[in-house]
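Beneath this line is the structure, given in structure tokens, with notes to follow.
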Amino acid sequence: MGGAKFHISDSVNTALSDQAKPSTKWSLLELNVGKRHWLTILLCLGVFNIYTTRVALSIAIVAMVKPPVVPSSNYSLSANSTGYVNSTENQVTIIPVLLEICPEPAGLSSAKAIGHTKSPRFEWDSTIQGHILGSYFYGYIVAQIPGGWLARRFGGKLPFGLGILIAGILTVITPIASGYHYGAVIAIRVAEGLSTAICFPALHHLLSKWSPSRERTRMSTLVAAGAPIGNVVVLGVSGFIGDYLGWEYIFYVYSGVTGFWFILFQVFVYNSPSEHPGITDDELKLITGSAEKITTNTDPKPSPPVPWRRILTSLPVWAIVFAHFGQNWGNYTLLTNLPTYMRNILNFELSANGVFSALPHLALWIFSVSSGYASDYLRHHKYLSTTNCRKLFNTVGNLIPAVALITVGYVGCDWVAAVTLLTVSVGFSGLTQSSYQVNSLDLSLAFASTIFSFSNTIANVPGIISPYSVGLITAGPDGQSVLNWQIIFYLSGGIRIFTMIVYGIFASGEVAPWNYAGDLEVVNK
């Protein structure tokens, strides 16, 4: 950015917002859509592609792996379970205290696959599956901070676009790798994690350039809505693709969509408003006046160095890290393992599995988008400060999901109650999109991508640990049981509550003093 100086002024923000009011409407019907709105749509679709290529394996692996061998009875008890057994010569009746494997859900028999696909199936036990599902995050964690550097060095457009394109290419060759060895699948997933790791720091860099202050939360939540939309599509549709075409086509379809999106993104997106040839003067003033006003110095200077010591010793930054960690543990536990739970415990066929696995993420999308508008409304009308608003949404978005998730372990084979509680748990977690997810932009527009890359590095450790821990807990012939899944749900809920408390104590929505490091300064008027 050369010797650019960032001037932040509430009076300028208000004046320019009023001056450019016609450009602030989000109405397609009035054809008054600004360039930042098209950017929001394309970023949302980019996040959609990240999640479809990431999550496709979670539903496909249900069809890729030979199902576990279970006793012929509808119910089974592990050796350490308790129950009453009545037997006759021709019949064994088990009346368990805790059902281990549920009967097929009543009324869902029509969801069975027609069974004519000839896709191969592999003998991968739960531990191997845990390694495969978690391997994505080995690469994803490593490249977060380099991703932040790339965004600051080259802008957000190129890293975001290329990262997703490479992920799409790796997705399309996953079926080939599966035929060689599960180690080849792990290698591809690590590489896919590396490619998409640079995307979210780049995304935050683009948002820091393009989002007016009053619209910052809603733009962030609309972009982030690509994640639950991607989950809804991949979980809801992939089961039918796998049942009727073969699981290989799950990977082929989503990689094709990724390639088409990349072309659109490269044609229509620019790194900053000042670079866009078609932006109006009103919209340019709205964005640069409310977020940052850029003046070009005749004596260019290098970009200011990242104040790492002050970032790493900032309690509000660590509050973001803790909240991010807890949310990811809960989300990744369900995102990567919910189809397995529904298949092995609730006994859903693949098509029904996908549909009901998608419902919680549809609720997540609704809650996350709604929270963005609600948060901006509360802040704009001064009902809550930015700090209190972030804390409120994070508290509600973790407490209700934790309680609902723990309760799932006690509904046994009542699949209606289980799906309802899982939908409540995942849905309400969407409120956190208006807390820690956007909080780095509150603390520092200049270093938002750096803060997010640091937070995302630590917060994605659950992506490795959670699937692996689920694999360990459910390992063995008696592993897939309601009791073991109770342990998994308790662990996830407990971590959510602990990190929620940390965020509630130390979070802040105020601009950090080190935002003005180097050639950054604040102008008070």
Side-chain angles (χ1 to χ4, degrees), residues 55 58-59 61-62 67-68 70 74-78 81 83 94-112 126 228 231-232 234-236 238-239 329-367 398-430 466-467 469-470 473-474 478-496:
V55 181
S58 294
I59 190 74
I61 202 169
V62 178
V70 298
N74 282 340
Y75 304 106
S76 171
L77 291 178
S78 60
S81 298
I94 302 176
I95 308 173
V97 174
L98 184 65
L99 295 177
E100 297 287 356
I101 299 174
C102 300
E104 181 179 329
L108 296 181
S109 57
S110 61
K112 283 188 175 182
S126 63
N231 293 336
V232 168
V234 75
L235 293 172
S238 299
W329 187 288
N331 281 351
Y332 290 152
T333 296
L334 294 181
L335 189 59
T336 57
N337 296 289
L338 186 56
T340 301
Y341 170 76
M342 289 191 169
R343 178 66 188 95
N344 293 334
I345 301 299
L346 299 183
N347 206 15
F348 284 171
E349 291 292 333
L350 185 60
S351 299
N353 189 334
V355 171
F356 288 110
S357 294
L359 280 178
H361 298 282
L362 178 61
L364 174 64
W365 170 67
I366 294 172
F367 274 85
N398 278 288
L399 185 59
I400 293 178
V403 173
L405 187 61
I406 291 171
T407 307
V408 172
Y410 291 94
V411 299
C413 292
D414 185 346
W415 67 269
V416 175
V419 171
T420 300
L421 286 167
L422 288 168
T423 301
V424 169
S425 179
V426 176
F428 270 90
S429 70
S466 176
S469 63
V470 171
I473 294 171
T474 60
D478 298 324
Q480 291 292 344
S481 67
V482 175
L483 178 61
N484 284 341
W485 279 93
Q486 278 185 354
I487 297 172
I488 294 167
F489 294 149
Y490 262 114
L491 179 63
S492 179
I495 290 174
R496 270 189 180 278

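The first residue in the sequence is number 1, and the count goes up from there. Below, all heavy atoms of this structure are taken into account, side chains as well, without hydrogens, waters or symmetry copies.
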Might you point out which heavy atoms bring [X] and [Y] nearest each other, and give the distance in Å?
{"X": "Gly409", "Y": "Val482", "answer": "O-CG1, 3.8 Å"}
{"X": "His361", "Y": "Val232", "answer": "C-CG2, 3.4 Å"}
{"X": "Gly493", "Y": "Ala402", "answer": "O-CB, 3.6 Å"}
{"X": "Asn484", "Y": "Ile473", "answer": "ND2-O, 3.2 Å"}

Interatomic spacing from [atom1] in [X] to [atom2] in [Y] - rounded to 0.5 Å:
{"X": "Leu483", "Y": "Ile488", "atom1": "CG", "atom2": "CD1", "answer": "10.0 Å"}
{"X": "Leu405", "Y": "Leu422", "atom1": "CG", "atom2": "CG", "answer": "6.5 Å"}
{"X": "Leu364", "Y": "Leu359", "atom1": "CG", "atom2": "CG", "answer": "12.5 Å"}
{"X": "Asn331", "Y": "Arg496", "atom1": "CG", "atom2": "CZ", "answer": "5.5 Å"}

Quick one, Val408 and Ser425 - any side-chain contact, counting heavy atoms below 4.5 Å?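 In short, these two side chains do not touch, never coming nearer than 4.5 Å.
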Give the ring-plane orientation class for Tyr490 versus Tyr410, where under 30° counts as parallel, over 60° as perpendicular and anything between as tilted. perpendicular
Please walk me through it: do Phe428 and Leu399 pass side chain to side chain contact (heavy atoms under 4.5 Å, CB included)? CA-CA 9 Å; Phe428 270 90; Leu399 185 59; over 6 Å; no
Under 3.5 Å, is there a donor-acceptor pair between the side chain of Ser492 and the main chain of Phe489? no
If we ignore hydrogens and angles and just use 3.5 Å, is the side chain of Thr420 paired with the main-chain N or O of Val416 as donor and acceptor? yes
In this structure, are over 12 heavy atoms from other groups packed under 6.0 Å from Trp365 atom CH2?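 Counting neighbours around CH2 of Trp365, 12 or fewer heavy atoms of other residues, nucleotides or ligands fall under 6.0 Å, so no.
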